[in-house]
Participant: 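Sharing a structure below in structure tokens format, with a few things to ask.
Residue numbers start from 1 in every chain, and the chains themselves are labelled A, B, ... in the order their sequence lines are given, proteins ahead of strands.
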Protein chains: 2
Amino acid sequence: MQDESYKKSKAEMLPDPVVCTVDVVLLTLREGSFCYALVPREQEPFQGVAALPGGFVHPAEDKDLRASAERVLRDKAGIQGVYLEQLAVFSGVARDPRGWSISVAWYTLVPLEALQAALATGVILREVADLGGLPFDHAEIVRVALERVRSKSTYSSLPVHLCPATFTLPQLQAVYETLLGEPINKVSFRRKMEELAFVEPIKGEFDSSGAHRPAQLYRLKAKYRSRLSLTDRGMNSGG
Amino acid sequence: MQDESYKKSKAEMLPDPVVCTVDVVLLTLREGSFCYALVPREQEPFQGVAALPGGFVHPAEDKDLRASAERVLRDKAGIQGVYLEQLAVFSGVARDPRGWSISVAWYTLVPLEALQAALATGVILREVADLGGLPFDHAEIVRVALERVRSKSTYSSLPVHLCPATFTLPQLQAVYETLLGEPINKVSFRRKMEELAFVEPIKGEFDSSGAHRPAQLYRLKAKYRSRLSLTDRGMNSGG
DNA sequence: CTAACTTAGTTGCATTCTGCATCTTAATTG
DNA sequence: CAATTAAGATGCAGAATGCAACTAAGTTAG
């Protein structure tokens with residue numbers, strides 16, 4: 001404390017090095033239940049414990065933080081080509097036993113079909129109701145991701161990304177109902193999908209797998225495929 | 001490139017130091033126009049240029065990134081006691097001439113009355129339509145903040161924070177109209193405020209300053225005062 | 001072969017929500 | 001004290017929403 005004025009003025013000028021990590025919450029639906037992806041940690045701390053795919057930011061290697069998150073997801077989970085959305089930043093001394101750090105958290109929604117290779121090579125899915133045993137503040141990160149996704153899901157195109165490339169309206173409705181946790185009126189749902197118009201019927205293609213009338217197949221319109229939600233622009237700008 | 005395997009495995013284990021800053025977008029209404037706050041930069045680069053209040057994160061000094069942003073806002077702009085909401089993280093090599101960095105951006109909405117002291121000591125207000133001359137990627141940060149606030153403003157309690165502690169419904173309606181950029185039907189607005197019920201009339205108190213019938217004074221209900229918006233929980237968790 | 005069953009998808013209607021015009025209230029101003 | 005102004009309430013028409021009932025198109029059981 002004996003040289004505080006010097007310390008303060010210096011502190012205002014010079015950057016302190018900050019331990020900066022990224023973590024990814026990858027969400028999917030497995031047999032009707034909402035799940036997130038974990039990978040076993042390769043290093044201490046928490047070696048061997050299932051954790052969110054995450055790792056250090058490497059400025060020399062990564063164009064920006066999105067690139068960091070994409071690299072980590074590719075290297076740790078073997079997953080590529082998904083669109084990541086910024087979730088939030090978590091920070092402080094308590095979240096990592098090694099000391100003060102920040103984690104820039106990202107999230108994405110993918111159909112189970114896109115995870116087959118990853119699941120065969122060590123990626124684990126866990127239901128979102130089960131947040132036990134997670135290292136660091138990963139339980140909190142998943143909790144925030146769930147809140148975000150659920151609050152954005154009411155009649156946005158976000159949940160469509162949990163469906164495969166083609167799907168029927170009843171299937172899509174079931175996805176919304178799982179995320180929102182409540183039943184939706186069939187007619188209202190169809191009217192809303194018609195009005196919002198981010199999905200389109202695939203002419204002449206039907207799902208005839210059930211013992212009943214076949215259902216029209218739909219797909220997400222092209223302009224909604226590149227990002228998770230067009231109302232998300234505010235969080236997509238971390239350049 | 002001659003020792004890449006070593007470099008890669010090391011890169012996965014060890015943290016690289018990252019230059020980490022915070023920037024604050026403080027928004028207010030001045031004479032009916034939407035404005036953001038700037039302060040002249042004290043140091044190079046861009047010394048003397050008006051910029052968002054911002055600075056380096058100091059882990060030894062700051063409990064977490066919210067504390068960093070609060071410290072910066074207090075030290076650079078003399079503003080305290082406002083509730084900051086996370087906006088987004090901006091990152092990359094291009095945003096700062098000194099090289100690769102990240103900025104965790106925060107935003108807040110305050111009534112002009114709360115800025116009187118700050119405005120007397122160097123803080124500048126500029127209309128949101130004018131993003132010219134800003135250093136770093138601050139124009140982009142303000143643009144994203146505007147998008148975020150506007151998209152959250154449709155019948156949320158967010159715009160109320162631009163009003164002083166007490167206000168009339170016509171005044172509040174004018175605030176919403178400024179933010180949303182379009183007129184709102186008076187009856188619909190009042191019905192919605194009644195339904196959402198985040199403001200309450202102050203019994204027996206009226207604004208009689210006009211040459212017409214006095215208007216009932218309202219205030220934000222207590223439980224909505226501590227944060228900007230109750231629907232924002234997802235971004236309030238950076239611990 | 002056909003009736004029963006199941007789910008897809010539509011139609012009609014009652015109820016609720018929303019926008020707009022009009023009316024009333026309570027102040028100031030000339 | 002009439003005219004003016006803006007606050008605030010009322011009534012109603014049209015749109016949006018929720019629900020029940022209906023039709024459509026397949027499979028399955030007898």
Side-chain angles (χ1 to χ4, degrees), chain A residues 29 31-32 153-157 159-160 163-221 231, chain B residues 29 31-32 153-157 159-160 162-221:
Chain A
L29 280 176
E31 294 155 26
S153 287
T154 309
Y155 293 134
S156 84
S157 60
V160 181
C163 289
T166 70
F167 50 86
T168 69
L169 285 191
Q171 281 165 6
L172 184 59
Q173 182 174 347
V175 170
Y176 277 84
E177 289 173 336
T178 299
L179 260 59
L180 300 175
E182 56 185 12
I184 305 171
N185 180 272
K186 181 171 62 168
V187 180
S188 300
F189 179 77
R190 287 168 163 271
R191 265 196 297 237
K192 208 67 179 177
M193 287 300 121
E194 174 79 13
E195 176 197 335
L196 298 177
F198 47 71
V199 299
E200 60 189 359
I202 310 169
K203 204 176 164 185
E205 292 205 29
F206 294 85
D207 173 2
S208 306
S209 63
H212 49 79
R213 174 174 175 174
Q216 173 72 53
L217 282 174
Y218 284 76
R219 67 182 160 221
L220 190 62
K221 284 187 184 172
T231 61
Chain B
L29 281 176
E31 295 156 25
S153 287
T154 309
Y155 293 136
S156 84
S157 61
V160 182
L162 293 168
C163 288
T166 69
F167 49 86
T168 70
L169 285 191
Q171 282 166 7
L172 184 59
Q173 181 174 348
V175 170
Y176 276 84
E177 288 172 340
T178 299
L179 260 60
L180 300 174
E182 55 185 11
I184 304 172
N185 179 272
K186 182 171 59 166
V187 180
S188 301
F189 180 77
R190 288 167 165 271
R191 265 195 298 236
K192 210 66 180 176
M193 287 299 122
E194 175 80 14
E195 176 198 335
L196 299 176
F198 46 72
V199 299
E200 59 189 359
I202 310 170
K203 205 178 166 185
E205 293 204 29
F206 294 84
D207 174 2
S208 304
S209 63
H212 50 79
R213 174 173 175 175
Q216 173 71 54
L217 282 174
Y218 284 77
R219 66 181 159 221
L220 190 62
K221 284 187 184 172

Participant: Salt bridge or not between B:Arg191 and B:Glu194? Use side-chain N to carboxylate O under 4.0 Å.
Facilitator: no

Participant: Side chains of residues 171-180 of chain B: which donor-acceptor partners sit under 3.5 Å, not counting sequence neighbours?
Facilitator:
{"from": "B:Gln171", "atom 1": "OE1", "to": "B:Thr168", "atom 2": "N", "distance (Å)": "3.1"}
{"from": "B:Gln171", "atom 1": "NE2", "to": "B:Asp207", "atom 2": "OD2", "distance (Å)": "3.4"}
{"from": "B:Gln173", "atom 1": "NE2", "to": "B:Glu177", "atom 2": "OE2", "distance (Å)": "3.2"}
{"from": "B:Gln173", "atom 1": "NE2", "to": "B:Ile184", "atom 2": "O", "distance (Å)": "2.7"}
{"from": "B:Tyr176", "atom 1": "OH", "to": "B:Ser156", "atom 2": "O", "distance (Å)": "2.5"}
{"from": "B:Glu177", "atom 1": "OE2", "to": "B:Ile184", "atom 2": "N", "distance (Å)": "2.8"}
{"from": "B:Thr178", "atom 1": "OG1", "to": "B:Ala174", "atom 2": "O", "distance (Å)": "2.9"}

Participant: Using heavy atoms and a sub-4.0 Å distance, could you list which residues of residues 170-191 of chain B are near DNA chain D? By number, please.
Facilitator: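 Per residue number, the list reads B:Pro170, B:Lys186, B:Val187, B:Arg190.
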
Participant: Which atoms form the tightest heavy-atom contact between A:Lys221 and A:Ala197, and what is the distance?
Facilitator: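 Taking A:Lys221 first and A:Ala197 second, the nearest heavy atoms are NZ-O, 3.0 Å.
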
Participant: Measuring from atom CG of A:Leu217 to atom CG of A:Leu169, what distance do you get when rounded to the nearest 0.5 angstrom?
Facilitator: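 Taking CG in A:Leu217 and CG in A:Leu169, the distance rounds to 10.0 Å.
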
Participant: Considering only residues two or more places apart or on different chains, which pairs with a residue in residues 208-219 of chain B satisfy salt bridge (charged side-chain N to carboxylate O under 4.0 Å, His left out)?
Facilitator: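 Sorted pair list: B:Glu200-B:Arg219.
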
Participant: Closest heavy-atom contact between A:Tyr218 and A:Pro201?
Facilitator: CD2-N, 3.4 Å

Participant: Give the minimum heavy-atom separation between B:Val199 and B:Phe167, together with the two atoms involved.
Facilitator: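 Taking B:Val199 first and B:Phe167 second, the nearest heavy atoms are CG1-CZ, 3.7 Å.
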
Participant: What are the bounds, 5' to 3', of the part of DNA chain D that sits under 4.0 Å from heavy atoms of chain B?
Facilitator: D:dT5 to D:dT10

Participant: Check A:Lys203 against A:Gln216 and note the closest heavy-atom contact, atom names and distance.
Facilitator: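 So the two residues come closest at N-NE2, 4.4 Å.
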
Participant: Does a side-chain heavy-atom distance below 4.5 Å link A:Pro214 with A:Glu205?
Facilitator: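 The answer is no; the side chains never approach within 4.5 Å.
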
Participant: Could you measure the distance from the CG atom of A:Leu196 to the OG atom of A:Ser157? Nearest 0.5 Å is fine.
Facilitator: 9.0 Å

Participant: Report for the helix from C:dC1-D:dG30 to C:dG30-D:dC1: angle between first-end and last-end helix axes, five pairs each, rounded to 10 degrees.
Facilitator: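 What I find for the helix from C:dC1-D:dG30 to C:dG30-D:dC1 is an axis angle of 10°.
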
Participant: Please give me every residue in residues 196-220 of chain A whose heavy atoms get under 4.0 Å of an atom in DNA chain D, ordered by residue number.
Facilitator: A:Gly210, A:Ala211, A:His212, A:Arg213, A:Pro214

